[in-house]
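Chain identifiers are assigned alphabetically (A, B, ...) following the order of the sequence lines, protein sequences preceding nucleic acid strands; residue numbering begins at 1 within each chain.
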Protein chains: 2
Amino acid sequence: MRADARRNYDKILATARIVFAEKGTDGSLDEVAKRAGVGAGTLYRHFPTREALIDALMKDWADRVSADADAAIATDLPARALLLGWFGHFVEHITLHRGAASKICAAMDDPSSPMFRKCRVMGDANRRVVEHLGARGELRGDVDPANVMRLVSGVASVADMSPEGLDVRPMLEVVVDGIVRP
Amino acid sequence: MRADARRNYDKILATARIVFAEKGTDGSLDEVAKRAGVGAGTLYRHFPTREALIDALMKDWADRVSADADAAIATDLPARALLLGWFGHFVEHITLHRGAASKICAAMDDPSSPMFRKCRVMGDANRRVVEHLGARGELRGDVDPANVMRLVSGVASVADMSPEGLDVRPMLEVVVDGIVRP
DNA sequence: CCACAATACGGAGACACTCTCCGTTTTAGC
DNA sequence: GCTAAAACGGAGAGTGTCTCCGTATTGTGG
């Protein structure tokens with residue numbers, strides 16, 4: 001990668017972070033380009049779609065989620081507390097930028113999305129947690145990790161759409177209670 | 001209302017139903033106008049915002065949801081079956097048009113939305129069901145109807161975003177299990 | 001160190017969508 | 001029928017996405 005290309009790439013990413021924080025992930029890409037001091041062409045060459053840009057913004061996001069999952073497993077807490085912590089982190093991560101949660105939800109089932117791969121990493125992380133607890137016999141018999149992930153993503157989406165910081169904890173508690181063996 | 005106004009109003013609504021079914025609720029409003037054979041001005045005079053149009057499309061939606069709630073209560077089924085049925089209907093209703101679920105989620109907390117009033121009707125319907133079962137002592141002690149509605153709306157959003165007909169039943173089962181007394 | 005291919009830049013402009021404004025047409029009551 | 005009020009429609013301004021290609025920058029082999 002040429003020096004000027006790298007420079008612009010980084011500048012665009014940094015600016016996108018700011019603009020998306022201000023106006024959500026639907027903010028104008030032209031504005032990102034303008035504020036980054038590059039032409040629209042440059043932005044679109046580096047990031048052909050909005051999704052590609054969001055994906056780049058979340059470069060190590062999937063890895064952080066994955067690490068959180070392993071940390072949760074390592075705590076060896078009882079299922080309920082462990083899941084509450086894990087789901088809480090999960091929601092926090094995917095609602096980092098307003099509007100991101102629903103984009104992630106959509107990418108989960110869309111192999112053509114640049115985020116699809118990261119969603120798989122996230123899905124695997126969730127599966128590890130769920131199966132760990134399943135192996136310990138603390139969950140109901142018929143828990144499908146994929147559905148759990150969808151459900152928690154749904155909670156994240158709702159939280160993302162409600163005007164200000166909605167407390168997701170009570171919703172996560174319901175989900176957790178629906179999963180752990182009574 | 002003048003005859004020509006009424007005619008156009010109905011024509012726009014009918015066309016919107018078609019266009020939204022084809023392209024989701026984000027379809028072009030100009031296309032709706034064009035295909036309805038009216039000018040853009042006419043469309044925007046009748047429906048100042050996209051939300052107003054969607055809201056009009058769902059004219060008696062809130063009433064149907066409300067009726068479903070009362071029907072569910074009348075069945076006198078055990079809590080689990082009753083809630084599964086009610087939630088299922090609920091999700092079906094708000095995912096009638098692709099993209100509608102998330103608009104409804106957003107409207108739930110936005111008093112300035114034309115859909116806000118209908119969301120309240122829907123929220124009341126849900127509260128009736130939840131409190132009915134609560135009174136029968138079949139639910140956990142700390143169930144907040146508002147959060148239940150958010151949660152189920154989240155399920156609907158996720159279903160709406162996933163490419164094709166995702167089976168929401170397993171997710172609803174988790175929610176129900178998280179609500180009914182174990 | 002410099003020439004020159006390869007690479008990247010940038011912004012004008014085509015296209016799409018939203019929404020308004022106002023001259024023209026339609027309606028309904030008298 | 002006449003006329004005032006109501007409604008129409010589409011041109012056009014504003015905004016955003018995305019492409020194309022003439023111009024500028026880079027780094028490498030001589």
A.B. asks: With the side chain of A5(A) defined as its heavy atoms from C-beta on, choose the nearest nucleotide among dC8(D), dG10(C), dA8(C).
C.D. replies: dA8(C)
A.B. asks: Quick check on dA8(C): is either OP1 or OP2 less than 4.0 Å from any side-chain nitrogen or oxygen of N8(A)?
C.D. replies: no
A.B. asks: Could you run down nucleotides 16-21 of chain D 5' to 3' and tag each one B, S or - for protein heavy-atom contact under 4.0 Å?
C.D. replies: -BBBB-
A.B. asks: How many whole angstroms separate atom CG of L53(B) from atom C1' of dC17(C)?
C.D. replies: 15 Å
A.B. asks: In whole Å, what is the span from the CD1 atom of I12(B) to the C1' atom of dT18(C)?
C.D. replies: 15 Å
A.B. asks: Rounded to the Å, how far apart are L43(B) CG and dA11(D) P?
C.D. replies: 17 Å
A.B. asks: Is the shortest side-chain N/O distance from H46(B) to OP1 or OP2 of dA7(D) below 4.0 Å?
C.D. replies: no
A.B. asks: Flag the pair K23(A) and E31(A) as a salt bridge only when some basic side-chain nitrogen lies within less than 4.0 angstrom of an acidic carboxylate oxygen.
C.D. replies: yes
A.B. asks: I need the CZ-P distance between R35(B) and dG9(D), as an integer number of Å.
C.D. replies: 17 Å
A.B. asks: So do R127(B) and V148(B) actually touch side chain to side chain, heavy atoms under 4.5 Å?
C.D. replies: no
A.B. asks: May I ask you to say what R6(A) touches in the nucleic acid, namely base, sugar-phosphate or nothing, with a heavy-atom cut-off under 4.0 Å?
C.D. replies: nothing
A.B. asks: If you look only at pairs with a residue in residues 153-172 of chain A, which of them pass as a ring-ring contact (aromatic ring centres under 6.0 Å, His included), with sequence neighbours excluded?
C.D. replies: none
A.B. asks: How close or far is atom P of dC19(C) from atom NZ of K34(B), stated in whole angstroms?
C.D. replies: 16 Å
A.B. asks: Once you round it to whole Å, what is the distance between C1' of dA8(C) and NZ of K11(A)?
C.D. replies: 17 Å
A.B. asks: For the hydrophobic clusters of this structure (ILVMFWY residues joined by side-chain heavy atoms under 4.5 Å, transitively), does one cluster hold both L96(A) and V158(A)?
C.D. replies: no
A.B. asks: When you compare the protein's N or O atoms with those of nucleotides 1-4 of chain D, which come within less than 3.5 Å of each other, and at what distance?
C.D. replies:
none

A.B. asks: Does anything in residues 92-133 of chain A form a ring-ring contact (aromatic ring centres under 6.0 Å, His included)? List the pairs, not counting sequence neighbours.
C.D. replies: none
A.B. asks: For the backbone of D55(A) and the side chain of K118(A), can you confirm whether one donor and one acceptor N or O come within less than 3.5 Å of each other?
C.D. replies: yes
A.B. asks: Is the side chain of E138(B) donor-acceptor paired with the backbone N or O of L133(B) at a distance under 3.5 Å, no angle test?
C.D. replies: no
A.B. asks: Residues two or more places apart in sequence or in another chain: which of them pass side-chain contact (heavy atoms from CB on, under 4.5 Å) with A56(B)?
C.D. replies: Y9(B), L13(B), F47(B)
A.B. asks: Without decimals, in angstroms, what is the distance between Y9(A) OH and dT7(C) C1'?
C.D. replies: 17 Å
A.B. asks: Within the distance-only criterion (no hydrogens, no angle test), does the side chain of R181(B) pair as donor or acceptor with the backbone N or O of L139(B) below 3.5 angstrom?
C.D. replies: yes
A.B. asks: Check for a donor-acceptor pair, side chain of T95(A) on one end and backbone N or O of V91(A) on the other, with a separation under 3.5 Å.
C.D. replies: yes
A.B. asks: Whole angstroms only, please: what is the CZ-P distance between F47(B) and dC8(D)?
C.D. replies: 11 Å
A.B. asks: For the side chain of S113(B) and the backbone of D110(B), is there at least one donor-acceptor N/O pair under 3.5 Å apart?
C.D. replies: no
A.B. asks: Could you run down the sub-3.5 Å N/O contacts of the protein with nucleotides 27-29 of chain D?
C.D. replies:
| residue | atom | partner | partner atom | Å |
| --- | --- | --- | --- | --- |
| dG27(D) | OP1 | A3(A) | N | 3.1 |

A.B. asks: Could you tell me which non-hydrogen atom of A100(B) sits nearest to which non-hydrogen atom of D160(B), and how far apart they are?
C.D. replies: N-OD2, 3.8 Å
